Amino acid sequence: MNDPKRYIITSALPYANGALHLGHLAGAYLPADIYVRYLRLQGKDVVWVCGSDEHGAAITIQAKKEGTTPEAIINKYHELNKVTFENLGISFDIYHRTSDPLHHKTAQDFFKKLYDQGGEFEEKTSDQYYDEEFNQFLADRYIKGTCPKCNHTEAFGDQCENCGSTLSPSELIDPVSTLSGKKPTLKSTTHYYFKLDKHEQWLRGWIENGEVDGEKVHQTKAWKKHVIGQCLSWLDGGLHPRAITRDLDWGIKVPVEGADGKVLYVWFDAPIGYISATKQWAEDHGKNWEDYWKSEDSRLIHFIGKDNIVFHCIVFPSMLKAHGDYILPHNVPANQFLNFEGKKFSKSRGWGIEQNDYLETFKEFPNKEDALRYALIRNLPENKDADFKWDEFVEFHDNELVANLGNFINRVTVLTTKYYEGKLPVATALHLAPVQKLAEQLETALEGFNFKVAIQLVNEISSYGNTYLQDVSPWKIWKENPDSTEVKDCLATCLEIVGLLSVFVAPFLPFSAAKIRRFINLPELRNGDWEKAHTNLKNGVSIYQSDHVINEPELLFAKINDRKDTSRLDLINAQKAKLAAILEAEKANDREPIKPEITFDDFTKMDLRTGTIIEAEKVKKADKLLKLTVDLGTEKRTVVSGIAKYYEAEKVIGQQVLLLVNLAPRKLRGIESQGMILMAENEKGALCFVSPEKGWGNGFVVK
RNA sequence: GGCGAGGUAGCUCAGCUGGUUAGAGCGCUAGAUUCAUAAUCUAGAGGUCGGGAGUUCAAGUCUCCCUCUCGCUACCA
């Protein structure tokens with residue numbers, strides 16, 4: 001595990017059916033951008049790949065909904081996300097796409113290799129829903145029906161979006177094909193399964209000890225705790241073969257004879273997208289992609305959000321290992337989730353802000369890119385969920401970027417201009433020891449993916465500058481003696497710090513770094529400049545030529561909380577007002593819509609009766625369930641009810657209830673439930689009994 | 001119920017393999033300063049490190065139990 005010769009960095013491929021929000025940015029893209037920019041400035045050989053994930057049923061369904069083609073959808077969002085990333089300074093080496101023929105070929109070759117060598121796949125045949133009219137099997141998302149759990153009539157085959165339950169198509173009541181609108185038939189179909197279970201053993205050694213085949217390949221300590229924890233949890237649960245093909249006409253054809261109408265499942269093809277993106281990049285730049293993916297002295301690092309841990313730490317490594325030639329990820333620094341003003345991002349609720357939206361809304365805001373990057377970096381969900389707040393956005397910007405960093409640079413450039421007409425003063429000594437120490441800590445933090453710590457260290461460097469300037473107070477000395485060497489030493493030191501900051505700030509705030517370079521009249525940053533600057537710092541060599549002249553002072557950042565110009569604060573306040581309005585609207589409109597009309601006959605089918613709970617106990621190993629015995633006068637019924645969160649067992653004894661007595665019995669946690677107790681549920685999900693007036697007898701019919 | 005991650009100053013969070021009076025930023029209080037975008041600098045107040053028990057010469061840091069938050073999962077008839 002010596003220093004690697006080259007790096008291959010990946011960021012999760014965004015699904016090309018929508019725009020990305022700030023949470024995505026903070027999860028897999030911004031941290032990777034910092035890391036990659038740092039590596040480049042260190043003069044490393046690094047390729048950072050990403051691109052659009054453009055297959056899967058969700059895209060075809062969306063196309064149908066919008067009355068357009070899958071191609072139109074993916075083209076639209078591929079372009080949008082690509083441009084938005086660029087505008088935010090996210091510096092991928094390539095932003096590829098999985099609809100590219102090169103990717104199709106790469107993924108097919110990958111599949112074919114595993115297929116041909118044998119032992120990795122198995123075929124299984126099962127009954128799946130089939131649309132006779134459209135002549136095709138229906139992916140889970142193509143089937144709609146009534147949710148067996150909440151009776152929502154628009155539930156999908158894989159999930160009910162009303163109650164959030166995970167479903168399988170066969171559970172749906174009255175399934176309907178979304179293609180023809182007709183009832184689908186069951187038909188048998190054969191699919192390929194990747195035998196993940198086969199890889200369980202080496203995966204455990206790899207995750208737990210960083211060892212494969214007796215060889216140490218990474219330091220486990222360098223991996224995040226929650227990443228290892230989640231992987232081990234999966235391994236403990238046992239791995240199972242996973243279907244890697246689907247019956248769909250949108251995607252990558254399964255390259256096997258007789259597999260017509262079948263495509264690779266997206267999670268199989270998407271990670272291979274990293275490889276095809278690298279191939280494309282290598283072709284464009286006259287490089288060999290295999291150096292990056294198949295050479296022991298390369299280092300593969302995946303930047304993802306925590307929802308992708310399993311794919312990148314279990315599934316994809318298994319695929320790579322099964323293939324045989326590839327290296328395994330050296331680290332997967334997955335981030336947790338970013339919330340937005342205390343709640344999850346939610347497109348349907350309008351809660352949160354998308355990247356392109358931000359850029360549009362803050363169009364007039366100078367330095368909008370770095371302001372956003374900074375606020376996100378200060379608050380990255382590195383080890384636990386974090387929260388983006390507009391108030392913090394303003395505080396970070398004004399207190400840290402403006403008052404600390406921007407102000408220091410302004411002080412130095414103004415003083416230099418005033419005293420020396422912008423010429424670098426000749427110094428007898430530079431006072432940079434603390435800066436050198438901070439620079440070393442900064443490198444350690446960046447190499448350990450601790451970007452929050454890293455940005456704080458950058459702050460400390462300019463903070464040191466401010467303190468040092470205050471200590472010397474050259475403006476006092478200069479009044480007495482404009483020729484003082486003390487003043488010259490001080491400003492030369494400060495200019496040196498500004499020069500170093502122009503480099504150290506660059507991975508985080510590339511736009512500001514470029515501006516600082518212009519202020520002090522240094523050329524644009526190039527690969528390797530960090531390494532050079534740090535070496536010079538260690539050797540006491542200045543980054544300036546002796547007769548260097550800086551440019552006229554300018555302000556680096558425009559304060560948000562500016563008394564003379566409220567335009568920027570107005571923007572922030574408008575955002576906050578928008579959120580308040582959403583909350584207000586939701587409060588006013590939190591009742592469920594009335595269900596479709598039914599007939600009196602429908603109603604009379606239900607046999608509702610009064611009853612009294614006479615026994616109650618908690619069901620073991622279930623959070624929500626109480627086992628109740630309800631007295632109906634003529635008989636006693638056992639009912640399992642999901643009310644344990646709101647009612648303790650002892651407290652419900654004696655409670656009068658209404659019971660639906662002719663509901664088909666069903667086993668829950670091994671106990672047969674013979675009826676359903678009526679409860680009212682409020683917007684928070686809290687429950688309350690619906691009962692007859694006190695003293696009513698048991699067993700009377702409700703009509 | 002199972003699993004994972006957390007619970008450290010008013011707020012947001014650092015605290016690596018256990019070791020001197022537990023740290024940072026913001027906020028607050030007092031003072032200094034004017035080169036600077038009402039910016040900067042210094043000092044101070046403020047924590048029984050979720051609770052309890054244990055191991056140890058020594059625990060925020062290890063073990064066990066309990067509790068709360070978030071996520072995944074089972075379970076809402």
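Below, chains carry the letters A, B, ... as their sequence lines are ordered, and counting in each starts from 1. In this text, all values refer to a predicted model and were calculated from it rather than measured experimentally. Only this structure's heavy atoms are used, side chains among them; waters, hydrogens and symmetry mates stay out.
Distance check on atom P: A45(B) versus A58(B) gives 30 Å, rounded to whole Å. Distance check on atom C1': G15(B) versus A22(B) gives 8 Å, rounded to whole Å. Comparing the C1' positions of G18(B) and C75(B) gives a spacing of 41 Å, expressed to the nearest Å. Annotation: U8(B) and U21(B) have their P atoms spaced 23 Å apart (nearest Å). Across C16(B) and A5(B), the matching P atoms stand 16 Å from one another, rounded to whole Å. For the P atoms, the distance from C28(B) to C35(B) is 26 Å, rounded to whole Å. U17(B) sits 14 Å from G7(B) when the P atoms are compared, rounded to a whole Å. The gap from the P atom of U56(B) to that of G51(B) amounts to 23 Å, rounded to the nearest Å.
The distance between atom CD1 of Ile309(A) and atom C1' of G4(B), rounded to the nearest whole Å, is 9 Å. Here the C1' atom of nucleotide A36(B) and the CG atom of Asp398(A) are 15 Å apart, to the nearest Å. In this structure, CD of Glu382(A) is placed 17 Å from P of A5(B), rounded to the nearest angstrom. Lys343(A) has its NZ atom 17 Å from the C1' atom of G71(B), to the nearest Å. The separation between Lys224(A) atom NZ and A14(B) atom P is 11 Å, rounded to whole Å. Counting to the nearest Å, the C1' atom of A24(B) and the CG atom of Asn450(A) are 15 Å from each other. Between Phe408(A) atom CZ and C41(B) atom P there is a gap of 11 Å when expressed in whole angstrom units. Rounded to a whole Å, the CG atom of Leu687(A) is 13 Å from the C1' atom of A77(B).
Between the side chains of Asp387(A) and Asn379(A), no donor-acceptor pair of N or O atoms lies under 3.5 Å. In this structure, a donor-acceptor pair under 3.5 Å is absent between the side chains of Asn662(A) and Lys605(A). Checking Asn459(A) against Ser463(A) by side-chain atom types alone, no donor-acceptor pair falls below 3.5 Å.
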Test side chain to side chain contact (heavy atoms under 4.5 Å, CB included) on Lys618(A) and Leu626(A) and set out the steps. CA-CA 5 Å; Lys618(A) 193 145 191 308; Leu626(A) 288 187; 4.3 Å; yes
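Val412(A) comes within 4.0 angstrom of no nucleic acid atom, judged by non-hydrogen atoms across all strands. Among the protein residues, Lys479(A) comes within range of the sugar-phosphate backbone only, with heavy atoms under 4.0 Å from sugar or phosphate atoms but none that close to a base. Here Leu625(A) lies in heavy-atom contact (under 4.0 Å) with sugar-phosphate atoms only. Residue Asn407(A) is classed as a base contact, given a heavy-atom separation below 4.0 Å to a base. Val402(A) comes within contact range of at least one nucleobase, with a heavy-atom separation under 4.0 Å. Leu556(A) comes within 4.0 angstrom of a nucleotide base, judged by non-hydrogen atoms across all strands.
For the side-chain hydrogen bond (donor to acceptor under 3.5 Å, both in side chains) test, no residue two or more places apart in sequence or in another chain qualifies with Thr416(A). Among residues two or more places apart in sequence or in another chain, the salt bridge (charged side-chain N to carboxylate O under 4.0 Å, His left out) test is passed with Asp307(A) by none. Every residue meeting the salt bridge (charged side-chain N to carboxylate O under 4.0 Å, His left out) condition with Lys576(A), not counting sequence neighbours, appears here in chain and number order: Asp391(A). Taking Phe303(A) as the reference, Tyr35(A), Phe449(A) meet the ring-ring contact (aromatic ring centres under 6.0 Å, His included) condition, with sequence neighbours excluded.
Among A77(B), G71(B), U12(B), the nucleotide with an atom closest to any side-chain atom of Ser673(A) is A77(B). Of the candidate nucleotides C75(B), U37(B), U12(B), C75(B) has the atom nearest to the side chain of Lys624(A). Residue Leu555(A) places its side chain closer to U37(B) than to any other of A77(B), U37(B), C35(B).
Here Lys452(A) does not reach the OP1 or OP2 of U12(B): none of its side-chain N or O atoms lies under 4.0 Å away. Between Lys225(A) and the phosphate of G4(B), there is no side-chain N or O to OP1/OP2 separation shorter than 4.0 Å. Applying the 4.0 Å criterion to OP1 and OP2 of C41(B), one finds that Ser463(A) has a side-chain N or O inside that range. For U40(B), the OP1/OP2 oxygens have no side-chain nitrogen or oxygen of Thr467(A) closer than 4.0 Å.
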Expected string for nucleotides 25-33 of chain B under the B/S/- scheme (protein heavy atoms, under 4.0 Å, primed atoms plus P, OP1, OP2 as sugar-phosphate) is SSS-----S
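In this structure, Arg378(A) pairs ionically with Glu400(A), as a charged nitrogen and a carboxylate oxygen lie closer than 4.0 Å. Under a 4.0 Å N-O distance rule, the pair Lys343(A)/Glu341(A) does not qualify as a salt bridge.
In this structure, His21(A) has its ring center no closer than 6.0 Å to that of Phe340(A).
The number of heavy atoms from other shown groups lying within 6.0 Å of CD (Glu486(A)) does not exceed 12.
Both key distances under 3.5 Å define a Watson-Crick or G-U pair, and stretches of 3 or more such consecutive pairs in RNA chain B run B:1-7 with B:67-73, B:10-13 with B:23-26, B:28-32 with B:40-44, B:50-54 with B:62-66.
In terms of position on RNA chain B, the residue among Asn410(A) and Gly675(A) whose nearest nucleotide sits closer to the 5' end is Asn410(A). Checking Val414(A) against Ile643(A), the closest nucleotide of RNA chain B that is more toward the 5' end is the one next to Val414(A).
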